[in-house]
Structures are given as C-alpha cells and as structure tokens.
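Working notes, structure below.
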There are 2 protein chains.
Amino acid sequence: MSSCDTCVVRNRAICAGLDNQEIAALNTMGRRRAVSAGEPLIWEDDDSLLVANVIEGVLKLTTSTEDGREQIVGVAYPSDFIGRPFGQTSKASVVALTDARVCVFARNDFDRFAREHPELEHKLLERTLAELDRTRSWMMLLGRKTAPEKIATFLLEMSERLNETGCAVKLGPARRFSLPFSRQQVADVLGLTIETVSRQFTKLKNDGVIELPSRREVEILDRPALVSLAG
Amino acid sequence: MSSCDTCVVRNRAICAGLDNQEIAALNTMGRRRAVSAGEPLIWEDDDSLLVANVIEGVLKLTTSTEDGREQIVGVAYPSDFIGRPFGQTSKASVVALTDARVCVFARNDFDRFAREHPELEHKLLERTLAELDRTRSWMMLLGRKTAPEKIATFLLEMSERLNETGCAVKLGPARRFSLPFSRQQVADVLGLTIETVSRQFTKLKNDGVIELPSRREVEILDRPALVSLAG
DNA sequence: CGATGTGTTGATTGACTTCAATCTGGGTGG
DNA sequence: CCACCCAGATTGAAGTCAATCAACACATCG
C-alpha cells in the first residue's frame, strides 16, 4: 500500500511523470509528516538534512539578521518543493504558517535518487527556474515599489496563488480569500512594518477597493483599481 | 577546430564534465558573440529565444516598471549561465556592463540538448539553486537593511565576486577592485538613489573604512569595520 | 576650451518608521 | 454566561532616514 497512491499533489509535484517503480522507490525513502502552524521544519544555516514536498498547508521561507529583523523570502504551497538539495547548508528557515502536511526525504537519499532519475531532476530544474523568476520579480517590489504598490501587488498575488492550490483546472484569481499571514508576516513579506501594512489595508477599505470581513479575510471589490495601484 | 577547446571558462561553466563528443555537439550549436558595454542581449518579456554562457565581462539582469524604475535582479560573471531555458519568455533584461564575450545558443536547441544530457541539466540545476540562494539573501538586504548596511554588504560581496573570476584557485576577497557599476547602477542593485549611494561612499571614505582612488576603484582599508556595518 | 555625462554636496521634503495608546475579538476560567 | 484576559491589530503623534529638488564639481572628449 503506497501512500503516494493517495497523494493529492501526486500529479502536480515533482513526482508527476515518474513510473510506478520509481514512485515505489521514492515511497520507501519518504515519509509523511504533519507540521502544525508556527512549527519550524528547517533552520537557517543548519546542515541541509532534509527536503520535502508540500502536500497541504502553507509554509514560509525566511532569513533573519542577527538583531532579529526578518524577511520572508518565499512561500511554499501544496505541490511545492522545499529544502536545499545538492548543498551543504540551508540558507533559509522553513516554518509552517498553517497546519501542514509534508512528504519529507533525507537529503542524502533524495540527492542520490535524483541523480539517478533525470526526469525528476528536470522537474526540479523547471520548478527552481520558475521560483527564481518569481523571486526576482519580488526583488523589484522590495527595492523599488512604494508601500501602496507593495500592498496592491501582494493582494493580487495572493488572490492568484491561493486559488492554484485547488485542482488541476486553472481557475481565475480568487475574489475572496483567507490570508495565511498575520499582519506581521505580511510586513515581513513586503519589507514594511506592521503599522504601515495596517494603515494601507484600512486605506484600501475606505477607498472601496477591498473589504475586510475579518482579520484574515480579504475580498477584492475593485480589481482594476488594485491592478492600477500595483504599479 | 573547436572553439570550446580554447574556452577560458571551459572548466567552470556548465560545459564542465561533458565528454568530447558532447562538447563537439554543443560547439556546433553555439556561437561566440561580443557584446559591448551598455549593449542589451535579452529583453524583458520578450520570447526567450536564446541562452548563453558568459565567457568574459560582466552583465546585469534587470526588471523595470512601466514608469521607468529599474531594479538589478542579478549580475552575471564569467562562467555564469544567462537566459531562461524551458520557458516561453524571459522575465529580465540582460545588458552588458562591461565589454563582454558570451557563448550563445538558440534556446530550442539548448533545451533539446539539455534534456538529452542529464549531466548538463544537473550542472544547470546546481547553478540555479545557488543563484536562488544568493537572490534570497539579496531580498533580505532589499527589504530589511538600511542604506549604510546595504552599501557595506555590497562592497563586501563585490570584493568576493570580482576575485572568483580569475582562476580555479580560491583566492581570498580582493582588497582593491574596480567596480563594473556606475553610481546609478549601484543604486539599482541596492534599491537606493544615486545621491544616497554617493553620500554613503563618501561617509565610508571620511571614516577611513575605504579609499576611493577613482570613480570606479574601491580599496577596502578596514574590512572588519565593513563587516560590522553590513549588519 | 566649452560641452556633456557622471558624480558630489547641500537643503528640504515626505514616506515610512517608531513610539505609544487604544481597540478588538477569540478563548478561558470563575 | 459573561467578565476578564491578552495577543494581534488599529490608530495617532512624533521622529528619522532616505528621496527629491537643486546647484555645483569634475572628468572626458570633441
């Protein structure tokens, strides 16, 4: 009985496209693990001992300065791959934002397996290239955009990313969604302070661009306005 | 007569480790191209038609907003790989900062060749993962560091990167080097304005941390101070 | 030697942060 | 059941860092 058989991200994760024998081999190497909200999975600057596929939930990748400033450098959704294969240390911490389930592998085992299975490495390469693209466009946001632009861009990105997590069918961007981030975490994504995030949110609400049914809920009332604000 | 035979980055670029037959095949696909300082090689949002290895010189990867703000999202040195394989469009422009020589491939050809040569894809994966690490640590700088910290971090990174370009032997960081960037370009790397960059440079000079023999030259007088300022 | 592009320096402004007070809502124990 | 608690969020006032605006310096090149 293979747990891969029942895996909901089986067709979207890097495992997609592997044959039954390969899946079976991967299955013996990996194991499921639950990570509850707030719990860390990987520590910055630690030896890179494990890698994983996200099955369910959302996790943040962060780097910190010695004096405690934090920057969220990536967000992992279901079917995303996390950890640092082929490297000695992990340059970012990984912490669950929501309760999550992941499929973890010892990095050594995974590295060896990947090198023997070019199709898997290719999937990983495609994913890494896409992540690099996304990360670079986020650099533009961090370096050159104003607070209002950052918030607008963030909300648009959220409304897209949080909808992909469903099924294979490509849905449009969500009109209403539940943020997996606290205000502080939004600030850590955008390179702002919690107060600035709060102020910008209420401004958008007062301007009739969004509605905020609860702390974590966002409803986009005027998407074109948001797009125009995103710069 | 293969031009790869005489290639100075042959043992550091992704071509390293390929056998003679593979090198010969790559050689028929690629061609050398000179790019003079300021000349673009790839345009943002254009179809991704070519990829390349940097043989000599330094190039910048940039993204821009509609209203002309620019952010440098990466810098490519000799032996680095540029362009977007396995993707329809390039998300960043590539422009030469200095006179440069590159070895370009039609993306189609390269993609096909790479898929048939797992060792090459593996090299590319390792490179892409390393670049992602570097990019993420730059996000921390952009989002959370102050102007003095940005400048100090930048100078330290320059003193390291500009020395790796030599030979395979691992040299220590350079004490003195020539920036491949104008003040405006330094600003575009750090998410600052040209005036702020200039002021921070002169402040470091007045504090005896660095010397500025000419506009492009930098000499590090007090590295520990710089490390401590980098935050 | 002027012309032009690049860099520096100064004065002022403004956006975001910081500091501080208050609010809110979900959970708990009396 | 509801008063209380408390972390998270909002709002306000004041401060600061970097941007902007503006003038000038310097080098390179016809």
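Residue numbers begin at 1 in each chain, while the letters A, B, ... track the order of the sequences.
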Rounded distance (Å) that lies between atom P of C/dA15 and atom CG of B/Leu192
18 Å
Just how far, in rounded Å, is C1' of D/dT11 from CD1 of A/Ile194?
12 Å
Is there a donor on the side chain of B/Arg215 or the base of C/dT6 sitting less than 3.5 Å from an acceptor on the other?
yes
Pairing donors with acceptors under 3.5 angstrom, does anything connect the side chains of B/Glu195 and B/Ser198?
no
What are the two closest non-hydrogen atoms of B/Leu124 and B/Pro85, and how far apart are they?
CD2-CG, 4.0 Å
Report which part of the nucleic acid B/Thr193 touches: base, sugar-phosphate, or nothing (heavy-atom distance under 4.0 Å, all strands).
base
N-O pairing of A/Arg69 and A/Asp188 below 4.0 Å:
no
With nearest nucleotide decided by heavy atoms, which residue, B/Pro148 or A/Arg183, maps closer to the 5′ end of DNA chain D?
A/Arg183
Using atom CG of A/Asp188 as one end and atom P of C/dT17 as the other, report the distance to the nearest whole Å.
12 Å
Find the distance B/Leu179:CG to C/dT6:P and express it as a whole number of Å.
16 Å
For C/dT17, take OP1 and OP2 only and decide whether either is under 4.0 Å from a side-chain N or O of A/Thr196.
yes
Between A/Thr146 and C/dA15, does any side-chain N or O lie under 4.0 Å from OP1 or OP2?
no
Considering only D/dT11, C/dT9, C/dG7, which nucleotide approaches the side chain of A/Arg199 most closely?
D/dT11
Could you give the CZ-to-P distance, from A/Phe181 to D/dA9, as a whole number of Å?
13 Å
Test item: A/Lys123 side-chain N/O and A/Ala16 main-chain N/O as donor-acceptor pair under 3.5 Å
yes
B/Leu212 atom CG is separated from C/dT9 atom C1', nearest whole Å, by 15 Å
How long is the line joining CZ of A/Arg216 and C1' of C/dG25, in whole Å?
14 Å
Tell me which of B/Ala147 and A/Thr202 sits closer to the 5' end of DNA chain D, going by the nucleotide each one is nearest to.
A/Thr202
Using whole Å, what does the distance between atom C1' of nucleotide C/dT17 and atom NZ of B/Lys145 come to?
19 Å
Here the gap from A/Leu125 atom CG to A/Ile14 atom CD1, rounded to the nearest 0.5 Å, amounts to 12.0 Å
For the side chain of A/Glu195, starting at C-beta, report the closest nucleotide among C/dT9, C/dC16, C/dT18.
C/dT18
Taking the side chain of A/Ser198 as its heavy atoms from C-beta onward, which of C/dT9, D/dT10, D/dA19 lies nearest to it?
D/dT10
